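Below: the structure, in structure tokens.
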Amino acid sequence: ELHEGGRVQADEGDVPADCLFEDRGGRKSAADFSVTAADRAAPPPARKRKPSSKKPGAKAASGARRKPAARGSSGGRRRTSGRGFVRGFVYWSFIACIWGGVALAGIIAWYGAQLPSASAWAVPDRPPNVKIVAVDGTLVTNRGATGGAAVGLHEMSPYIPKAVIAIEDRRYFSHFGVDPIGLARAMARNVMAGGLVQGGSTLTQQLAKNLFLTPERTVGRKVQEVLLALWLEHEYSKEQILELYLNRVYFGSGSYGVEAAARRYFGKSARDVSLPEAALLAGLLKAPSRLSPNRNPERAESRAQVVLSVMREQGLVSDTEMTAALASPAARANRYWSGAHHYVADAVMEELPQLIGEVRQDVIVDTTVDLYLQTAGETAIRAAIAEHGAERVVSQGALVAIDPAGAVRAMVGGVDYAASQFDRASQAKRQPGSAFKPFVYLAALEAGALPSSVRNDTPVRFGNWAPENYRGKYHGPVTLETALSRSLNSVAAQLIMESGAGTVVRTAQKMGIASPLKANASLSLGTSEVTLYELTSAYVPFASGGYRADPHLIRRVTTMEGEVLYERKDSRSRVLAPDLAGMMNQMMSQTVRAGTARAARFDHPAAGKTGTT
């Protein structure tokens, strides 16, 4: 009989011996096994119920007793259905997670494979900075792709890292390179705003992007950014990553790194940045170009106030500090590119590769420039243009000052570097006019003439050329000293004809003129074009007692560790006899005392020559 539980109950005697579940010496045949109803693949067909012999009343009573069981069976089916739904949801969610993980791993593997091997990953060297300093060690300016030297985290103002972390990555010191909380918050805000209003990148991710990747916004670039951020966090400490970031991030107006930005906007080092200045710098990171104080000072200040508020919320500054910062906002320096010292920097950067080759590391260039004289020269040029520019239809000016050793002490290439970077001191060729006459007179002295030698100042003609004095005024017999001090054209023309135009050319070149000169009679009046830089350098032998020294701006070049890469050696050579130098100085001194340069007279020994074209 088949009873509940699916067991077969029978007396042993009722079953053939070969159907019992017994070990037959370790051998079993197919006849040794039997199958129950539960083991079947499908339930057995339902048997037809035989007509009952019980009374109708008993049948009703039996049915009444089975109704509650039927109701309980329906509730059980509902509970079973609910549990099945939950189990199905959990199951398929688990499956979805597995496949999602597989897909994510595939995406990471795909875009990660496009990166170089992790063993070859390395932080690229920062573009070298050229620190240009004056003769007394004062900073002139920084040049290079970054515009400023790297500054250690312990060296810069402590307000700078605090402000940047507060506004850009408040959980910087607690996340592992990626901030899931910050990313979720940024996504929520973007969804609520219906657009991209906030990014979820950490400082580490931003550094990874700046160091290794392009600025394009794609899924692949984002995946690579995350991988590189995780690598950075594994290889470097938080302090090292923050220092790398602050020295390389773009702050607008062509400045990369906090040092360049502090110099650009405040005229000071990042070491000396105040709290309001640090807040302004940190605020620029959101949109460096749009929020630049040079372009939009109101927006920059408004953003700085937001940074200060966030710093206060996070307890990075006190109420007193914040009140003081709001009361005295950051004061911007004068326009960074307006100073004439940038003409000096341009000349240095042009010459530097010739001295040390390609610049591959941060270097310090010691120049010969005296910043006091440089500023005085710039002021003089601007004052002269402001006073006389309109009436004389002149809009530019230039100045070069070189000492007897050939060191350039000041060089001004124009009124405003920001308006024009063309260097009129060293690049513009102009007719020197009568400022060229000292070389004509020197050739005459070398041929035997003396300052006291007399020539007749009268109208002259040489072929088709008939030079005239200024305003057509002539003085008759005059000494060479008088003729030079009064800049008489007729006497200069006579002297070049006596010495020969070729001799005058060789004399000028010996003194330091490098530009090609036309060997003709009109050269005596300065008709061949030269630069102010070379003309001034050609006057050096007059001031040095006859020694020529090549003009130079660079004294020494060293690495940041002090290794000397270049140092100038004294290369002066005698080109003029001492007595001839003395005679020339005597004549040009008279020019300053009573001649055409008397407006430049002052209580100090001075000699010179004017030139007008």
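All figures in this text were calculated on a predicted structure; none of them were measured in a lab. Any value given below was found using the heavy atoms of this structure, including those in side chains, with hydrogens, waters and symmetry copies removed.
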Determine, step by step, whether L285 and V249 satisfy the side chain to side chain contact (heavy atoms under 4.5 Å, CB included) criterion, reporting the C-alpha distance in whole Å, the side-chain angles of both residues, the deciding distance to 0.1 Å, and the verdict. CA-CA 8 Å; L285 298 176; V249 68; 3.5 Å; yes

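- Checked by atom type and distance alone, the side chain of E233 never pairs as donor or acceptor with a backbone atom of L230 at under 3.5 Å.
- Heavy atoms only, all atoms of each residue included: R555 and V135 are closest at NH2-O, 3.9 Å.
- Each of H341, R143, Q427 was scored for a side chain to side chain donor-acceptor pair (under 3.5 Å) with D346, with one residue passing: R143.
- The nearest pair of heavy atoms linking A208 to E225 is CB-O, 4.0 Å.
- In this structure, OG in S174 is found 7.0 Å from NZ in K238, a value given to the nearest 0.5 Å.
- Counting only distance, with no hydrogens or angles, the side chain of Q205 and the backbone of V226 share no donor-acceptor pair below 3.5 Å.
- Looking at heavy atoms from C-beta onward, P128 lies out of side-chain contact with V363 at the 4.5 angstrom threshold.
- T375 places a side-chain N or O within 3.5 Å of a backbone atom of L371 that can act as its donor or acceptor partner.
- Using modelled atom types, one finds no donor on one side chain facing an acceptor on the other under 3.5 Å when comparing K209 with S201.
- To the nearest 0.5 angstrom, D550 atom CG is 12.0 Å from E534 atom CD.
- Looking at heavy atoms from C-beta onward, T558 lies out of side-chain contact with E563 at the 4.5 angstrom threshold.
- Taking NZ from K429 and CG from L532, the interatomic distance works out to 13.5 Å, rounded to the nearest 0.5 Å.
- Counting all heavy atoms, side chain and backbone alike, V415 lies closest to Q396 at N-OE1, 2.8 Å.
- Between the side chain of D570 and the backbone N or O of R572 there is at least one donor-acceptor pair closer than 3.5 Å.
- A donor-acceptor pair under 3.5 Å links the side-chain atoms of T367 to the main chain of V133, judged by distance alone.
- Counted within 6.0 Å of CD on E239, heavy atoms from surrounding residues, nucleotides or ligands total more than 12; the atom is thus considered enclosed.
- Contact detail for P404 and S544: the closest heavy-atom pair is O-CB, 3.5 Å.
- Considering only heavy atoms from C-beta on, Q374 comes within 4.5 Å of V412 through its side chain.
- If you run side chain to side chain contact (heavy atoms under 4.5 Å, CB included) between I554 and each of D366, V365, T368, only V365 comes through.
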Please evaluate residues T204 and Y245 with respect to the criterion side chain to side chain contact (heavy atoms under 4.5 Å, CB included), reporting the C-alpha separation (whole Å), side-chain torsions for both, the decisive distance (0.1 Å), and the verdict. CA-CA 8 Å; T204 312; Y245 177 83; over 6 Å; no

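- Shown here for I402 and Y533, the closest heavy-atom pair between the two residues is CD1-O, 4.1 Å.
- Side-chain contact check for N142 and N129: at least one donor-acceptor pair (N or O, by modelled atom type) lies under 3.5 Å.
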Evaluate salt bridge (charged side-chain N to carboxylate O under 4.0 Å, His left out) for E277 paired with K268, printing each intermediate quantity in order. CA-CA 11 Å; E277 292 167 343; K268 62 172 66 173; 3.2 Å; yes

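- Contact annotation: the side chain of H388 never approaches that of V394 to less than 4.5 Å [non-hydrogen atoms, C-beta and beyond].
- A perpendicular orientation is assigned to the rings of W231 and F212, their planes being inclined by more than 60° (bins at 30° and 60°).
- Y343 and Y417 have their aromatic ring centers within a separation under 6.0 angstrom.
- In this structure, CZ on R312 lies 12.0 Å from CG on L326, to the nearest 0.5 angstrom.
- Not one N or O on the side chain of Y256 forms a donor-acceptor pair closer than 3.5 Å with the backbone of A261.
- The main-chain N or O of L203 is found under 3.5 Å from a side-chain atom of D169 such that the two form a donor-acceptor pair.
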The test is side chain to side chain donor-acceptor pair (under 3.5 Å); show your working for D272 and S269 and say whether it passes. CA-CA 6 Å; D272 306 317; S269 171; 4.9 Å; no

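- Crowding of F422 atom CZ: a count of heavy atoms from other residues, nucleotides or ligands under 6.0 Å exceeding 12.
- For CG of D136, the number of neighbouring non-hydrogen atoms (other residues, nucleotides, ligands) closer than 6.0 Å is greater than 12.
- Contact of the T559 side chain with the L565 side chain is registered, since non-hydrogen atoms from C-beta on lie closer than 4.5 Å.
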Are M156 and V273 close enough, and set up right, to give a side chain to side chain contact (heavy atoms under 4.5 Å, CB included), and what steps lead you there? CA-CA 8 Å; M156 66 182 68; V273 165; over 6 Å; no

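- Taken to the nearest 0.5 Å, the CG atom of L232 stands 5.5 Å off from the CG atom of L207.
- The structure places CG of L275 at 11.0 Å from CD1 of I160, a figure rounded to the nearest 0.5 Å.
- Looking only at side-chain heavy atoms (C-beta outward), R303 and I167 come within less than 4.5 Å of each other.
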Pair D370, R409 - check salt bridge (charged side-chain N to carboxylate O under 4.0 Å, His left out), show working. CA-CA 5 Å; D370 184 325; R409 297 302 186 188; over 6 Å; no

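- The backbone N or O of G152 sits less than 3.5 Å from a side-chain atom of E155, completing a donor-acceptor pair.
- I165 is listed as a side-chain neighbour of F173, based on a closest heavy-atom distance under 4.5 Å.
- Looking only at distances, no side-chain donor or acceptor of Q314 sits under 3.5 Å from a matching main-chain atom of M311.
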Go through the steps to decide whether R295 and S289 satisfy the test side chain to side chain contact (heavy atoms under 4.5 Å, CB included), and finish with yes or no. CA-CA 8 Å; R295 181 177 181 180; S289 298; 4.1 Å; yes

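- Checked by atom type and distance alone, the side chain of S309 pairs as donor or acceptor with a backbone atom of Q305 at under 3.5 Å.
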Would you please test E529 and R430 for salt bridge (charged side-chain N to carboxylate O under 4.0 Å, His left out) and show each step? CA-CA 5 Å; E529 295 180 338; R430 299 286 186 267; over 6 Å; no

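- A salt bridge does not link K286 to E168: none of the charged side-chain nitrogens sits closer than 4.0 Å to a carboxylate oxygen.
- Contact check for Y250 versus N210: no side-chain heavy atoms found under the 4.5 Å cut-off.
- When every heavy atom of A398 is checked against every heavy atom of I381, the shortest pair comes out as O-CD1, 3.5 Å.
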